[in-house]
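Heads up, the thing below is written out as structure tokens.
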Amino acid sequence: QTHLLGIEPLHPEEISTLLDLAQDYAEAARAGRRHWDALADFTQINMFFEASTRTQASFELAGKRLGADVMSMAMGASSLKKGETLIDTALTLNAMRPDLLVVRHPNSGAVDLLAQKVTCAVLNAGDGRHEHPTQALLDALTIRRAKGRLHRLTVAICGDIAHSRVARSNILLLGKMENRVRLVGPPTLMPAGVAEFGVEVCEDMAEGLRDADVVMMLRLQKERMDGGFIPSEREYFHRYGLDAAKLSHAKEDAIVMHPGPMNRGVEIDGTLADDINRSVIQEQVEMGVAVRMAAMDLLARNLRQVRGPREVMV
Ligand code: CP
């Protein structure tokens, strides 16, 4: 692959290779290592057209740890404000000859479109409700570390599935690795045609969490609800918010995940989110750096093969 635009085109072996490399980076970072040279002579530009804490910070840190020159554009202060289009903005930055572009955009498909116009590798940092591949990969690494495997697990993904690119990428990845995926939430927050994904759908948390190995909570993504029905937060927490009572339906050793940002007291009880015996939310953030290092390292290796070593060095 010369881009990472989604989980959809990835083969299970490619996913395992990336996770193995990320695991090595994670262990080395835990042992105190902070510098590598896998991206020496590479320039990475981060373009985030939508708010981010975890993804933007970890892509920046990942690039710096691998030795790249990293520039994070402040898109709110760019010439987009003067009417320049997304494509012209991308072409302008592409002319400065970056090697890697990391892009988040509120519109589904915008990152794929941009990738067709530039000559460098593009990594999708989340596009609309379409895909968020590195989030699914970091979730997969977190699950594999906690459960010792990434197959034949029952994973309950709960909440606002309809507006979630995280859910979509996770459904694709977990399915490719032969896991059982259950989507749990109100019918108003389930996407149309969900049965095509080969998942089970439950409206009731007790039923949906039964015997689950992994419980993944999602926030209400109001920014993508387009003026549609938004449930009352108090009622939503009562029926769908994860607390100890609802979690008791899952396996005794089930882990609790959340991609963040989380809304405590809406989709998840704050005490449970902080319970280090059940919650792996902070480990997800930690694995985010390792997975993004692995993703950019592997793309850089592919780029070197395609371009030849001399051109990369120019
Ligand atoms: N999980 C995630 O994408 O978080 P950010 O929006 O903070 O990057």
Side-chain angles (χ1 to χ4, degrees), residues 4-7 18-19 22 26 44-65 70-76 100-111 122-143 145-146 155 157-174 189 214-225 242 255-264 266-268 270 273-274 279-296:
L4 177 59
L5 300 176
I7 296 298
L18 192 150
L19 297 184
Q44 171 191 339
I45 300 182
N46 299 330
M47 300 166 69
F48 279 67
F49 297 89
E50 198 183 68
S52 170
T53 296
R54 282 147 283 268
T55 313
Q56 181 163 358
S58 58
F59 262 117
E60 184 162 338
L61 202 52
K64 286 179 173 166
R65 285 189 179 171
V70 184
M71 182 178 74
S72 289
M73 289 287 296
M75 299 317 302
L100 301 161
L101 269 187
V102 178
V103 187
R104 169 171 287 190
H105 199 279
N107 295 343
S108 305
V111 183
V122 176
L123 294 104
N124 183 358
D127 64 319
R129 59 179 82 174
H130 175 227
E131 280 240 35
H132 192 350
T134 55
Q135 178 69 46
L137 288 160
L138 75 88
D139 290 340
L141 181 59
T142 307
I143 293 170
R145 287 167 62 94
V155 181
I157 305 178
C158 311
D160 179 3
I161 314 291
H163 302 98
S164 176
R165 55 197 176 210
V166 174
R168 193 164 184 282
S169 289
N170 264 297
I171 291 165
L172 290 167
L173 190 154
L174 292 165
L189 297 178
V214 176
V215 181
M216 190 182 290
M217 301 308 299
L218 300 171
R219 77 186 165 90
L220 294 170
Q221 288 140 95
K222 294 178 185 169
E223 72 274 22
R224 285 195 273 280
M225 289 189 182
L242 186 67
I255 55 169
V256 173
M257 304 182 74
H258 195 307
M262 68 181 149
N263 294 127
R264 292 169 184 261
V266 182
E267 75 275 8
I268 189 165
D274 296 334
S279 165
V280 293
I281 294 170
Q282 295 307 322
E283 176 145 338
Q284 286 175 268
V285 177
E286 181 184 353
M287 292 309 120
V289 180
V291 155
R292 286 161 183 136
M293 288 171 74
M296 291 195 290

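Order of appearance sets the numbers: ligands from 1, and atoms from 1 within every ligand.
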Query raised in the report: Is the closest N or O pair between Gln56 and ligand 1 shorter than 3.5 Å?
Result: no
**Report entry** Ligand-residue contact atoms, ligand 1 with Thr53, heavy atoms, under 4.0 Å
**Finding:** 5 (P), 7 (O), 8 (O)
Requested in this report: Please examine the side chains of Glu131 and Arg168, heavy atoms only from C-beta on, and report whether any two atoms are closer than 4.5 Å.
Outcome: yes
Query raised in the report: If we only count N/O pairs under 3.5 Å, is Pro259 in contact with ligand 1?
Result: yes
Report task. Look only at the side chain of Ser169 and the backbone of Val166, and say whether a donor-acceptor pair between them is shorter than 3.5 Å. Result -> no
Query raised in the report: Hey, is Gly126 one of the residues with a heavy atom under 4.0 angstrom from ligand 1?
Result: no
Query raised in the report: Where is the nearest protein heavy atom to atom 4 (O) of ligand 1: which residue, which atom, and how far?
Result: Arg54 NE, 3.1 Å
Query raised in the report: Does Asn107 have any side-chain hydrogen bond (donor to acceptor under 3.5 Å, both in side chains) partners at least two apart in sequence or in another chain, and if so, which?
Result: none
Report task. May I ask you to check whether His132 and Arg104 show a side-chain donor-acceptor distance below 3.5 Å? Result -> yes
Requested in this report: List every atom of ligand 1 that sits less than 4.0 Å from any heavy atom of Thr55, numbering the atoms from 1 in the order shown and giving each element.
Outcome: 2 (C), 3 (O), 4 (O), 5 (P), 8 (O)
Query raised in the report: Does Glu50 come within less than 4.0 Å of ligand 1, judged by its heavy atoms?
Result: no
**Report entry** N/O donor-acceptor pair under 3.5 Å between Gln284 side chain and Thr142 backbone
**Finding:** no
Requested in this report: Check side-chain hydrogen bond (donor to acceptor under 3.5 Å, both in side chains) between Arg165 and all other residues, then give those that pass, not counting sequence neighbours.
Outcome: Glu50
Query raised in the report: Relative to the heavy atoms of Gln135, which atoms of ligand 1 are at a distance of less than 4.0 Å?
Result: 1 (N), 2 (C)
